Amino acid sequence: MATTPFCLRLLNLQRRPRKRANFEFGHSAMTSSLAKVGFGVFKPKDSRAPRTGALLAPAVGLLLIWMIVPLTMTLWFSFQRYNLQNPLISGFAGFNNYKFLLLYKTLWISIGNTLVLVGSVLSLTIVFGVLFAVVFDEAFFGRNIARLLVIAPFFVMPTVSALIWKNLLMHPVNGLFAWITRSLGLGVVDWFAQAPMISIIIIVAWQWIPFASLILMTAMQSLDREQMEAAYLDGARGLSMFWFITLPHLFRPISVVVMIETIFLLAVFAEILVTTSGGPGNATTTLTYLIYLKALLQWDVGGASAAGVIAIILANVVAAFLIRTVARNLAD
Amino acid sequence: MAKIRGKSSTIWRGGVGWTSALVMFFPIFWMLLASFKTEIDAVTTPPLLFFTPTFENFAAVNQRADYFAYAWNSLAESLGATLLGLAIAVPAAYAAAFFPTKRTKDLLLWMLSTKMLPAVGVLVPMYLLFRDTGLLDTRTGLIIVFTLSNLPIVVWMLYSFFKEVPYEILEAGRMDGARAGAQIRLLLIPLTLPGIASTALLSVILCWNEAFWSLNLTAAKAGPLTAFIASFSSPEGLFWAKLSAASTLAIAPILVFGWLTQRQLVRGLTFGAVK
């Protein structure tokens, strides 16, 4: 254990001893403890192993098609003049779709909106996720039930949660919030007209705080209690315990949450469609929503495809980081 | 761990814990409440916390034939995609977990990377492909999309469960003459049934709540409940109590599934990076 790198120890992962490449140690606690005392519990790679190609082929083949065909088509359309409403427009467009898009102010506004939405929701979910993980780490009365209530919003379908907030809570006439502010003499906020982006952020954060909490609560269970005790004996209390022991332990799970959420948050769609439809003006038009507008309302296949390529590039930057993080976990 | 915190800390934690739980759950609770109100009670100001509960909304939802059509679509599409996904993923995860080669790791990461492709980036070609092949607004079409978009998660989750089975058990089976198919059917699946069940539930949850493809590729014929609920977003859909009843019915089964499997879901949701 002493030789295990710190970051791996925090993850509660043991470095598995490596023999020659064709021996692989089992993963379970039993086999790895056997391996430690010297029993060679490894699986020899033998010639009678099933042909894994045939077993992997359906999954790999289908995913390959799923990835390559639409992607190639998007790329191809993005260089075409192609509008479903006007069949007379056709032919090779060169970089015109891109040129038009990049000069189109709404594109930049929508990228800005996307970043604001993703950034705000991420910060909110991380702050509350860490808070909940710490609070729920130790027993209190009815903790398990309270935990179920905290994670519940994650399982609510996006259209339902959008409509709960839109009709029952944020509605300027009959909503609960309007009644509360009116009773307090503060007047009424028409949420989706006056603070559209903040409203969307609240809804989406409400849906994703449970995700961050769930992951971070699980991660807290692998926190080394002896290490905490040692820190306690060294005089660490409350905040310093949190800052020097808990937070470093949560660092990697947090990065996993950030990256996975980013992928899903870049694709937020239903919440916007149901509440603001991208408005007022283009105040809540994200890149995803812009592509939907171009493709399925304006039928501008070329322009929508070019915007799709931009969305793919944006997501790929994120994906590169995610793959690296997960890969580090896979490597022994 | 030795007693590090005293009793006052437990009370303090309980207070914060329960406050956050109630705040987070409140919107769902409020919807649940609205579903038992009359339409008039639902829009009354001040909002009613105490009222005579009525089941008329649930009755009204049940009488609407289209609600059942949408619910059936949701069920068929989620289960169809989950079963199809498992059928494709189990052999792949078996191969990856027990017969890893030098390329297995890269293959798994590549599968994961397909999940990173933003759906909206391929919206246009998917729509056109579906239109040209007649898959637009069909259950088959949506099952295909759901299966493929969840396949990486299903493979990864199964892989992480399979890796915990000692190969020796399968090998003993092989010595007794069991081929790959029999090993999977008779040994691996019974041994990892809880893991497979939580994988299936995660897949059902993700399909049931999916709202991008279902809103864009389906309409009245194959639309699942997400689309049904979205159709109420228009201003004339002001039957809040009935909408709440329909929403309650739509989220209840998934909420229960989620609660039952919350601990195992983490693995699937983080591709095995957090256990």
Side-chain angles (χ1 to χ4, degrees), chain A residues 26-28 31 43 49-50 52 55-56 58-59 63 66-67 70 73-74 135-136 140-141 146 148-150 152 155-160 164 167-168 174 176 179 214-215 218-219 225 229 232 253 256 263 266-267 269-270 274 288 291 295 301 304-305 308 311-312 315 319 323 326-327 329-330, chain B residues 1 4 10 13-14 16-18 20-21 24-25 27-28 30-31 34 43 45-47 88 91-92 95 99-100 105 109 111 113-114 116 118-126 148 151 155 163-164 166-167 180 209 211-212 226 229-230 233 240 247 251 254-255 258-259 262 266 270-271 273-274:
Chain A
H27 214 56
S28 71
T31 50
K43 45 192 176 191
T52 56
L55 297 169
L56 285 165
L63 280 177
W66 167 242
M67 188 166 128
M73 286 174 76
T74 301
V135 169
F136 281 80
F140 58 80
F141 177 73
L148 291 182
L149 296 183
V150 165
F155 301 112
V156 176
M157 56 176 67
T159 46
V160 168
I164 295 177
N167 287 346
L168 299 178
N174 303 315
L176 185 65
W179 175 74
L214 189 58
I215 306 288
T218 310
R225 301 294 143 159
E229 205 168 345
Y232 181 79
V256 171
I263 300 296
L266 284 173
F269 172 73
V274 170
T288 299
I291 296 171
V301 172
S305 298
I312 290 169
I323 297 286
V326 180
N329 194 45
L330 251 192
Chain B
M1 184 165 61
I4 285 184
T10 312
R13 264 162 202 278
V16 177
W18 272 101
S20 25
M24 288 299 286
F25 194 71
I28 300 175
W30 197 241
M31 177 195 73
V43 294
T45 357
I88 299 168
F99 307 100
K105 198 179 109 185
L109 286 174
M111 284 190 186
S113 74
T114 64
M116 306 305 140
V120 72
V122 292
L123 171 64
V124 176
M126 285 307 290
L148 289 171
L151 197 57
V155 170
K163 273 205 86 119
E164 289 175 358
Y167 179 67
N209 287 347
F212 182 76
T226 41
I229 303 289
S233 66
W240 290 2
S247 304
I251 67 166
I254 291 308
L255 195 53
W259 278 344
Q262 42 147 339
V266 172
T270 61
F271 306 102
V274 175

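A, B, ... follow the sequence lines: proteins, then strands. Residue 1 opens every chain. What you see is a predicted model, and the numbers here were worked out from it, not measured in a lab.
- Considering only heavy-atom pairs separated by less than 4.5 Å from chain A, the leading option among W30(B), F212(B), W259(B) is W259(B).
- Looking at I164(A), the atoms closer than 4.5 Å to chain B (heavy atoms on both sides) all sit in the side chain, from C-beta outward.
- In terms of non-hydrogen atom pairs under 4.5 Å with chain B, the most contact-rich of A304(A), A152(A), A270(A) is A152(A).
- Interface remark: L255(B) contributes backbone and side-chain atoms alike to the contact with chain A (heavy atom separation under 4.5 Å).
- L266(A) places none of its side-chain heavy atoms less than 4.5 Å from the side chain of P118(B).
- Considering every non-hydrogen atom in both F140(A) and G17(B), the closest pair reads CZ-CA, 3.9 Å.
- Between L151(B) and L63(A), some side-chain heavy-atom pair lies under the 4.5 Å cut-off.
- Among the candidates A315(A), A59(A), A267(A), the residue making the largest number of heavy-atom pairs closer than 4.5 Å to chain B is A59(A).
- Rounded to the nearest 0.5 angstrom, Q262(B) CD and L214(A) CG are separated by 6.0 Å.
- Per-residue heavy-atom pair counts under 4.5 Å with chain B were compared for G308(A), P158(A), A311(A), and the maximum is reached by P158(A).
- With a 4.5 angstrom heavy-atom cutoff, M126(B) touches chain A only via side-chain atoms.
- One finds the CG atom of L148(A) at 9.5 Å from the CZ atom of F25(B) (value rounded to the nearest 0.5 Å).
- Taking all atoms of both residues into account, the shortest heavy-atom contact from F269(A) to A211(B) is CD2-O, 4.0 Å.
- In this structure, T159(A) contributes its side chain and T226(B) its backbone to a donor-acceptor pair below 3.5 Å.
- With a 4.5 angstrom heavy-atom cutoff, A34(B) touches chain A only via side-chain atoms.
- Nearest heavy-atom pair, S247(B) versus V160(A), reported as atom, atom and distance to 0.1 Å: CB-CG1, 3.7 Å.
- Put simply, the side chain of M157(A) does not reach to within 4.5 Å of the side chain of I254(B), judged on heavy atoms.
- Nearest approach of A92(B) to L56(A), heavy atoms of both residues: O-CD2, 3.5 Å.
- Contact between A146(A) and A21(B) at its shortest, heavy atoms only, is O-CB, 3.4 Å.
- Side chain of N209(B) to backbone of F155(A): a donor-acceptor contact under 3.5 angstrom is found.
- Highest contact tally toward chain B, considering only L149(A), T74(A), V150(A), is held by L149(A) [criterion: heavy-atom pairs under 4.5 Å].
- A side-chain donor-acceptor contact under 3.5 Å links W18(B) to the backbone of F141(A).
- Taking all atoms of both residues into account, the shortest heavy-atom contact from R13(B) to V135(A) is NH1-O, 3.3 Å.
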